[in-house]
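Basis for what follows: all heavy atoms, side chains included, without hydrogens, waters or symmetry-related copies. All ligand and atom numbering here is 1-based and tracks the order in the structure.
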Amino acid sequence: MKGAVLYGPRDVRYAEREDPTIVEPTDAIIRLPATCICGSDLWPYRGIDPVTQPTPMGHEYVGIVEEVGSAVKKIKPGQFVVGSFFASDNTCAICQAGYQSRCVQAEVMTQIGTQAPRARIPLADGTLVATPDLPSDDLIPSLLATSDVLGTGWFAADAANVQPGSTVAVVGDGAVGLLGVLAAKQMGAERIIAMSRHAPRQQLAREFGATDIVSERGDEGVARIKDLTGGLGAHSVIEAVGTQESMLQAIRATRPGGYVGYVGVSHDVQLPGEELFFAEVHLFGGPAPVRRFLPHLIDLVCHRKINPGKVFDLTLPLDQVAEGYRAMDERRAIKVLLRP
Ligand SMILES: [Zn+2]
């Protein structure tokens, strides 16, 4: 089969890859009707994370189960399934506590590369959640969004302790930040301040529930959040970028006693201890345990209560994956859906 392979900085190709097969008896093989490009794929694409050998790309997926290993009991061929970017057994003590992204058997799906027509899914019974019926085609983008961007935005809102009636600020207007807005809305936030300077993203943030837009960044952005919150800062702040500037912006925009939920993959962030000490805010984040939220998110999508698939503003055939990366790199697209 052919799929996305990264050869070096800004050199992603639709190239020949090995056909997936059952390796462990706990594996499943799925066929993907759609896959997508993640903001975090841009770190290696831009050469910020080094690429030392041709690397299959992609970690978001939905699909129809084609085949299961001999030890797979719950997942059956023919089911439509969604999984997260970490395969997990969903039975160990860490999984049971709701942190499947740190499962003792966790396998990161970036090593498999799901920007492909078919994929091997490890620990199928723990990793995959089946939809109640075969979904209609128009639901597929939203189901695909639950696999990472929505699950991650949801975890960020959960980690930021979003409560009914609270004020939430969101740092980052990528797909995760925008779906953090949607999550905060679903959790009952009264005021949701999206930080964005791009008109199409501001528009989508408003559709997802943002009540205010702040286009300033850094200290000016923090000052605007303070202005909007009676000088106090937000109760909850979602950080969905992963840089020094965005992390400090998030901490400084949070009121004392408030919460920062950070899900932007951290790159060279150094926290100043003394400032952190006196900020007196809760900091919690990391790779989202999307598996914890999947049953609820799939239910919301299948009942058409939410439409997170709106973050896909460009759809391309998988063989044009290189154009998809360029469009996201140049911020011409929020998120690219690929059709194998
Ligand atoms: Zn586990």
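Residue pairs satisfying the salt bridge (Lys or Arg N to Asp or Glu O under 4.0 Å) criterion with at least one member in residues 307-320, sequence neighbours excluded, are listed as follows: Glu207-Lys310.
Protein N/O/S atoms closer than 2.8 Å to the Zn ion (ligand 1), listed by chain and residue number, are Asp89 OD1, Cys92 SG, Cys95 SG, Cys103 SG.
The cationic group of Arg292 does not satisfy the cation-pi geometry with Phe155, failing either the under 6.0 Å distance to the six-membered ring centre or the 45° limit from the ring axis. Arg13 forms a cation-pi arrangement with Tyr7, by the criterion of a distance under 6.0 Å to the ring centre and an angle within 45° of the ring axis.
Ser84 meets the side chain to side chain contact (heavy atoms under 4.5 Å, CB included) test with Val290; sequence neighbours excluded.
In this structure, Arg339 pairs ionically with Asp137, as a charged nitrogen and a carboxylate oxygen lie closer than 4.0 Å.
Through direct or indirect side-chain contacts shorter than 4.5 Å among Ile, Leu, Val, Met, Phe, Trp and Tyr, Ile48 is connected to Trp43, Val265.
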